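In what follows, chains are A, B, ... by sequence order, proteins preceding strands, each numbered from 1. The shown structure was predicted, so the numbers you read here are calculated from the model rather than taken from an experiment.
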There are 2 protein chains.
Amino acid sequence: MEGSRVGTVQLLWRHERPLPPRPGRPATITVDAVVDAGIEEADGRGLAAFSLRRVAERLGVGVMTLYGHVANRAQLLELMVDQCRLDMEFASPTGSWREMLAQVAAENLALLERHPWLAHLETERAVLGPGTLGKYERELAAVEPLPLGDAAKDQALALVLSFVRSSARALEAARVERSDETPEQWWEREGAELAALGVEERFPLASRIGQAAGEATNAAADARAAHAFGLAVLLDGLAERDAEPV
Amino acid sequence: MEGSRVGTVQLLWRHERPLPPRPGRPATITVDAVVDAGIEEADGRGLAAFSLRRVAERLGVGVMTLYGHVANRAQLLELMVDQCRLDMEFASPTGSWREMLAQVAAENLALLERHPWLAHLETERAVLGPGTLGKYERELAAVEPLPLGDAAKDQALALVLSFVRSSARALEAARVERSDETPEQWWEREGAELAALGVEERFPLASRIGQAAGEATNAAADARAAHAFGLAVLLDGLAERDAEPV
DNA sequence: TTATAACCCGTACATCGTACGGAAAGAGAG
DNA sequence: CTCTCTTTCCGTACGATGTACGGGTTATAA
């Protein structure tokens with residue numbers, strides 16, 4: 001059983017170190033099939049509804065069969081993450097660091113829009129697979145020209161990626177919100193009660209700016225503009241480091 | 001049953017609109033008790049282990065009793081979030097927008113360190129309670145001096161808060177990682193296999209910078225410095241908007 | 001004292017991840 | 001071709017979770 005025999009790292013790099021053929025009953029599915037089915041499942045139903053039973057069903061296989069190829073749910077998710085990063089589309093980085101970093105941001109946003117569950121996954125611990133490492137290597141090239149220490153370069157990249165992540169989540173939330181309910185419905189449901197509490201008078205700034213932000217969110221074009229604004233702020237901040245080295 | 005009778009907004013503002021006393025058997029617990037127990041539970045055990053059964057147990061009450069005071073798990077979490085924001089410590093904002101925003105960041109970081117689960121909670125939809133609104137109102141004062149449109153002001157604040165959030169998660173992850181396992185243990189477990197795959201030669205940038213970033217993470221002081229670096233970048237980026245209005 | 005309203009909560013169900021162990025299936029030896 | 005051995009497949013089972021339902025309990029108001 002691959003799932004119990006080999007560690008996560010071995011499984012992540014399975015294409016570079018294929019296991020020697022073994023005697024006995026041959027497997028009906030492969031790790032790749034499990035990972036692909038997992039990704040399709042997560043893409044389609046979302047992370048909240050993601051379950052091993054559904055993945056197994058998609059493969060036409062019993063649930064416990066999965067455990068012969070993958071150690072557990074958490075490991076499968078790690079493999080899925082690395083696979084997505086491996087399959088990620090990108091252009092080889094060119095131009096100034098600023099252009100490269102903007103491209104990195106755009107490519108990551110595209111990745112998270114193709115696989116929204118990636119933005120909802122908790123991946124504090126790094127996934128040390130070929131996809132993740134290759135992506136990291138490529139993206140580091142964008143911050144390499146900056147006059148920063150190594151740790152700061154990592155931090156600069158992480159800053160951009162974390163921004164893109166939260167931006168992707170916000171854009172997704174806005175998308176479903178738009179399709180879920182019109183502002184009028186929302187008002188009928190909650191807004192009226194809030195008004196009765198005198199919220200507008202007691203929280204004038206919050207009301208004014210909150211409304212503007214809400215309207216911007218509801219207009220798809222403005223939501224994109226908000227993303228661009230945030231990214232520009234970030235890049236300008238990094239440009240400051242470029243001009244005046246620390 | 002308060003949990004089914006009133007909506008989420010009513011429950012959030014329960015202290016301003018206390019329900020009139022009602023005939024019948026008096027309740028043994030209050031919404032506040034449930035919310036407080038929930039916060040203690042989440043603080044102590046973490047969000048992953050958070051369950052209604054445990055909250056009920058802490059209150060010395062059956063699980064289903066909770067449903068008499070709160071609609072469901074998701075609503076309880078919303079109430080907990082708003083309560084934390086209401087109890088959050090803060091100094092009234094003074095100084096330049098930059099000083100105020102730095103203070104907002106520090107206060108939010110403190111909030112997330114006191115209640116780490118807040119950083120792991122998915123709160124795309126705003127929680128429209130007194131805690132959240134008050135916090136938003138107060139924090140908007142920091143970006144109000146900036147020469148930006150209303151939507152951009154919200155975006156600027158969100159940018160800082162999202163950074164603090166991911167920073168808090170990184171700091172927490174580093175903390176548990178430090179206590180979990182020494183770098184030597186890690187190397188024995190995974191690093192050796194990676195080296196065997198020729199990772200250092202194939203991903204030189206990633207190896208060099210990844211190592212530097214890892215070491216910085218492992219030194220508590222450097223991890224804090226990384227946070228400061230990110231915040232400075234952000235604020236510098238916003239300062240650009242200050243100098244040259246859009 | 002009685003009626004009534006409200007609350008408490010035991011039971012039950014669907015769903016989840018996953019441990020265990022036996023059935024099944026192919027490969028190689030004779 | 002048959003037997004044996006190795007490996008894979010997966011049914012069953014367990015504990016945990018959120019929550020629907022309905023009956024027992026306990027106050028207040030008449």
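- For B/Leu47 and D/dT17, the CG to P distance is 13 Å, given to the nearest whole Å.
- Looking at B/Glu139 and B/Asn108, their side chains do bring a donor and an acceptor atom within 3.5 Å of each other.
- C/dC16 atom P lies 10 Å from atom CZ of A/Arg45, rounded to whole Å.
- Contacts of residues 49-58 of chain B with DNA chain D (heavy atom under 4.0 Å): B/Phe50, B/Ser51, B/Leu52, B/Arg53.
- In this structure, the salt bridge (charged side-chain N to carboxylate O under 4.0 Å, His left out) partners of A/Arg125, at least two apart in sequence or on a different chain, are A/Glu78.
- Counting only N and O atoms by type, the side chains of A/Glu200 and A/Ser207 include no donor and acceptor under 3.5 Å apart.
- Each of B/Gly60 and A/Tyr67 lies near DNA chain C, and the nucleotide nearest B/Gly60 is the one positioned closer to the 5' end.
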Close N or O pairs between protein and nucleotides 25-28 of chain D (under 3.5 Å):
| residue | atom | partner | partner atom | Å |
| --- | --- | --- | --- | --- |
| D/dT25 | O2 | B/Arg25 | NH1 | 3.1 |

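- Interatomic distance, CH2 of B/Trp117 versus CE of B/Met80, reported as 4.0 Å (0.5 Å rounding).
- Contact record, B/Ala206 with A/Leu140: CA-CD1, 3.7 Å, taken as the closest heavy-atom pair.
- Note: CG (B/Leu66) to P (D/dT17) measures 13 Å, nearest angstrom.
- The distance from the OG1 atom of B/Thr132 to the CG atom of B/Leu12 is 7.5 Å, given to the nearest 0.5 Å.
- Neither side chain, B/Gln155 nor A/His227, offers a donor N or O lying under 3.5 Å from an acceptor on the other.
- The side chain of B/Met64 has C/dT11 as its nearest neighbour among D/dC9, C/dT11, C/dC8.
- The side-chain contact (heavy atoms from CB on, under 4.5 Å) test with A/Met88 singles out one residue from A/Gln83, A/His115, A/Arg138, A/Arg114, and that residue is A/Arg138.
- With salt bridges taken as basic N to acidic carboxylate O contacts below 4.0 Å, one links A/Asp32 and A/Arg14.
- A close approach under 4.0 Å does occur between a side-chain nitrogen or oxygen of A/His69 and OP1 or OP2 of D/dC9.
- Contacts of A/Ile29 with the nucleic acid, taken as non-hydrogen atoms under 4.0 Å apart, involve only primed sugar atoms and P, OP1 or OP2.
- A/Val61 comes within 4.0 angstrom of the backbone, heavy atoms only, and of no base.
- In this structure, the CZ atom of B/Arg73 is 13 Å from the C1' atom of C/dC16, given to the nearest Å.
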